[in-house]
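Below is one structure; the comments refer to it alone.
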Amino acid sequence: MKRLVSLSLVLAMTLSTIPLRAEEVRSSADDAITIRPGDQGELYYEYRVNGAIKEIRVVPKIGKPYYLVPADSRDGQYIRLDSSQLLIPKWVLFRW
C-alpha cells in the first residue's frame, strides 16, 4: 500500500509538470521559441528574434513538417517553405 501511494505521488508530480498550453523557451531577452498545439493535432514552433516572428515550423499529425515565413508586406501573409531560412550559428569544436 505504501508503495502504491508513493508511486501515485511521483506520477502526480510528474504529470503536473507537463505543459498543457503553449510552452516558451527563451534564449535571450527578446529571442524566444514558443511551442503550441493546434486544433487538429499539429504542433507550431514560433521562432521570434527581437520580438518579431521570423518563421513558424508546422509539424502536422500526418505528413512532413513545413515552415511559414512572413511575407514582405505588412498584411499578415505567410509564405510556405519546405526548409528553414533561419541562419543558426555552428562552430567546429573538435576536428581530428
Spacing of [X] atom [atom1] and [Y] atom [atom2] [to the nearest 0.5 Å]:
X: Leu86; Y: Arg57; atom1: CG; atom2: CZ; result: 12.0 Å
X: Tyr47; Y: Ile35; atom1: OH; atom2: CD1; result: 7.5 Å
X: Asp72; Y: Gln77; atom1: CG; atom2: CD; result: 12.0 Å

Can you list, by chain and residue number, the hydrophobic cluster partners of [X] when the side-chain cut-off is 4.5 Å?
X: Val92; result: none
X: Ile62; result: none
X: Trp96; result: Leu93, Phe94

Hydrophobic cluster membership, [X] vs [Y], 4.5 Å side-chain cutoff:
X: Ile33; Y: Val69; answer: no
X: Ile56; Y: Leu43; answer: no
X: Tyr67; Y: Val49; answer: no

Exercise. What residues form a salt bridge (Lys or Arg N to Asp or Glu O under 4.0 Å) with Glu55, not counting sequence neighbours?
Worked result: none
Seminar exercise, completed: Heavy-atom closest pair (Pro60 atom, Pro65 atom, distance to 0.1 Å) is CD-CA, 3.9 Å
Seminar exercise, completed: With sequence neighbours left out, the residues meeting side chain to side chain contact (heavy atoms under 4.5 Å, CB included) with Ile79 are Ala71, Leu81
Exercise. Can you name the side-chain hydrogen bond (donor to acceptor under 3.5 Å, both in side chains) partners of Tyr44, sequence neighbours left out?
Worked result: Glu42
